[in-house]
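Counting starts at 1 for both ligands and their atoms, in listed order. Residues: numbered from 1 along the sequence shown.
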Amino acid sequence: MPLILELEDEYRKAKRDPEFAAQMDDLWRNYVGRPSPLYHAERISEHFGGPKIYFKRDELNHTGAHKINNCLGQVLLAMRMGKKRIIAETGAGQHGVATATVCARFGLKCVVFMGATDVERQKPNVFRMKMLGAEIVPVSSGTGTLKDAMNEALRDWVTNVHDTFYVIGTAAGPHPYPELVRDFQSVIGEEAKRQLQEREGRLPDAVMACIGGGSNAIGLFHPFIEDEGVRLIGVEASGHGIETGQHAAALNGGKPGILHGNKTYLLQTDDGQIIDAHSISAGLDYPGIGPEHAFLRDTGRAEYLTCTDKEALEGFQLCTRLEGIIPALEPAHAIARLGDVCETMDKDQILIMNLCGRGDKDIFSVAEHLGMEI
Ligand SMILES: *Cc1c(COP(=O)(O)O)cnc(C)c1O
């Protein structure tokens, strides 16, 4: 408890400090490339024949996704707290790469915990992290995947808290992490709200994003939660299908439980053992979901849909062909559900979808699934 109470206290102070906000703004603008554009996806809109669809272009950020928004915030917080050693967990390696990037930028030691199975599966990202100066610790306990890496990172943090800061990669984990990750990612929704106001002079009718742990979605949703006319739509990965048990849809196919310091919906057996998640997209296969999404679902404020591996591959190709944007497989899940959502909306309405990552990292697995060779 003392670690997280200290973190909460320091975070409250940082939040009130205009110096901290100014530092973030400068890095967002000049290092990350914010604000990301709000783009009217004309041909996709036409294709579905429903509302006007805008993409929030967070795939244009430095390192290719939204993760760096959060890493920068947490690393700046670590430096305020005088911590010189940064640790992180990673599954596919995207959060590890973003954390290693920010650590290189500030000359901080970076240790990334990664499941041994994932180290084997994600060699390009392991190489990137090494080039960026990070140390990789393969974790072979459990199934050697993301949840095991997170267990190990929490253990390390408790042991080395005097000089160590733990940068969690999604809006989950013990309080205050779900809140601070949400706040750092809220730049997505705040910008989108302002940009749409400038362009259309109004609020959107719906905002939509894919869900792994839920950080890019909550970052888009948060500034709209009080605007009751705005639908909030999350898309979980249902892998081979919920009924097969091989999926990553914690809200649609999981049950409440406690893991990594938060009570939320989890993929688990009847005995409460955590089940490994499956998704074609390595960034979505977390067996839990941020607790704020569990709340938004239980209160009915947000809707949570699902998308299979197969459908995501179709979404990937559709966006590439119609918009000339190769999306990551994660947002391809949201793209694939656009058709169904558009059917429930009128032509004069507006939907914003977060295009949270670009597809460079996924071309090899897409080629393999399409039976093509690179
Ligand atoms: C990691 C990742 C996700 C999933 O994480 P969230 O916390 O749910 O946002 C989604 N999209 C991309 C591109 C990612 O890298």
Side-chain angles (χ1 to χ4, degrees), residues 36 55-71 73-74 88-99 101 114 118 122 124-125 128 146 149-150 167-173 177-178 180-189 207-222 232-237 248-251 260 262 264-265 277 279-294 296 302 304 307 312 315-316 319 325-336 353-363 365:
S36 65
F55 286 166
K56 180 64 176 153
R57 303 283 309 271
D58 254 55
E59 99 281 11
L60 294 175
N61 293 340
H62 181 42
T63 69
H66 64 288
K67 290 209 167 68
I68 195 155
N69 301 332
N70 166 48
C71 293
Q74 290 198 49
E89 86 292 340
T90 199
Q94 294 301 111
H95 175 58
V97 168
T99 306
T101 298
M114 190 168 186
D118 288 333
Q122 308 290 343
N125 276 340
R128 283 188 188 102
L146 179 59
M150 196 155 173
V167 176
I168 294 187
T170 192
Y177 281 102
L180 69 90
V181 175
R182 176 200 71 197
D183 288 353
F184 291 137
Q185 292 294 2
S186 290
V187 68
I188 300 170
V207 296
M208 186 162 166
C210 69
I211 303 223
S215 71
N216 90 89
I218 202 74
L220 176 65
F221 292 0
H222 185 64
L232 313 176
I233 305 168
V235 182
E236 293 191 297
L251 286 176
H260 299 142
N262 59 157
T264 186
Y265 285 84
S279 167
I280 187 172
S281 154
L284 298 183
D285 62 4
Y286 180 62
I289 177 154
E292 196 167 350
H293 285 292
L296 291 175
Y304 294 91
C307 171
F316 176 97
C319 181
I325 299 172
I326 302 181
L329 278 170
E330 292 88 355
H333 286 71
I335 295 162
M353 195 208 81
N354 191 32
L355 197 61
C356 53
R358 57 179 175 245
D360 319 25
K361 67 182 176 60
D362 293 319
I363 54 171
S365 75

For this session: Go through the steps to decide whether Leu220 and Leu232 satisfy the test side-chain contact (heavy atoms from CB on, under 4.5 Å), and finish with yes or no.
Result: CA-CA 9 Å; Leu220 176 65; Leu232 313 176; over 6 Å; no
For this session: Using distance alone, with no hydrogens and no angle criterion, decide if Gln185 and Asn69 have a side-chain donor and acceptor under 3.5 Å apart.
Result: yes
Exercise. Can you check side-chain contact (heavy atoms from CB on, under 4.5 Å) on Thr170 and His95, steps first, answer last?
Worked result: CA-CA 9 Å; Thr170 192; His95 175 58; over 6 Å; no
Exercise. For ligand 1, is Ala217 a contact, meaning one of its heavy atoms is under 4.0 Å away?
Worked result: no
For this session: Report yes or no: does Arg358 have a heavy atom closer than 4.0 Å to ligand 1?
Result: no
Exercise. What protein heavy atom sits nearest atom 4 (C) of ligand 1, and how far off is it?
Worked result: Gly283 O, 3.2 Å
Problem set entry | Criterion side-chain contact (heavy atoms from CB on, under 4.5 Å) on Ile211 and Leu284, from CA distance to verdict | CA-CA 7 Å; Ile211 303 223; Leu284 298 183; 5.9 Å; no
Exercise. For ligand 1, which atoms have a heavy atom of Gly357 less than 4.0 angstrom away?
Worked result: 13 (C)
Problem set entry | side-chain contact (heavy atoms from CB on, under 4.5 Å) between Phe55 and Ile325, intermediate numbers included | CA-CA 11 Å; Phe55 286 166; Ile325 299 172; 4.2 Å; yes
Exercise. For ligand 1, does His66 get within less than 4.0 Å through its side chain, its backbone, both, or neither, judged by non-hydrogen atoms?
Worked result: side chain
Exercise. Going by distance only, is there an N or O of Asn216 that falls short of 3.5 Å from an N or O of ligand 1?
Worked result: yes
For this session: Using the six-membered ring wherever Trp is involved, compare the ring planes of Tyr286 and His260 and label them parallel, tilted or perpendicular (cut-offs 30° and 60°).
Result: parallel
Seminar exercise, completed: Of all heavy-atom pairs linking Ala328 and Asp362, the shortest is CA-OD2, 3.4 Å
Exercise. Under 3.5 Å, N or O to N or O, is Gln94 touching ligand 1 that way?
Worked result: no
Exercise. Relative to the heavy atoms of Thr170, which atoms of ligand 1 are at a distance of less than 4.0 Å?
Worked result: 6 (P), 7 (O)
For this session: Determine whether more than 12 heavy atoms belonging to other residues, nucleotides or ligands lie under 6.0 Å from atom CG of Leu60.
Result: yes
For this session: Show which atoms of ligand 1 fall inside a sub-4.0 Å distance from at least one heavy-atom site of Gly214.
Result: 6 (P), 7 (O), 8 (O)
Exercise. If you measure every N/O of Gly213 against every N/O of ligand 1, is any gap under 3.5 Å?
Worked result: yes
For this session: Considering heavy atoms of the protein only, find what lies nearest to atom 15 (O) of ligand 1 and give residue, atom and distance to 0.1 Å.
Result: Lys67 NZ, 2.6 Å
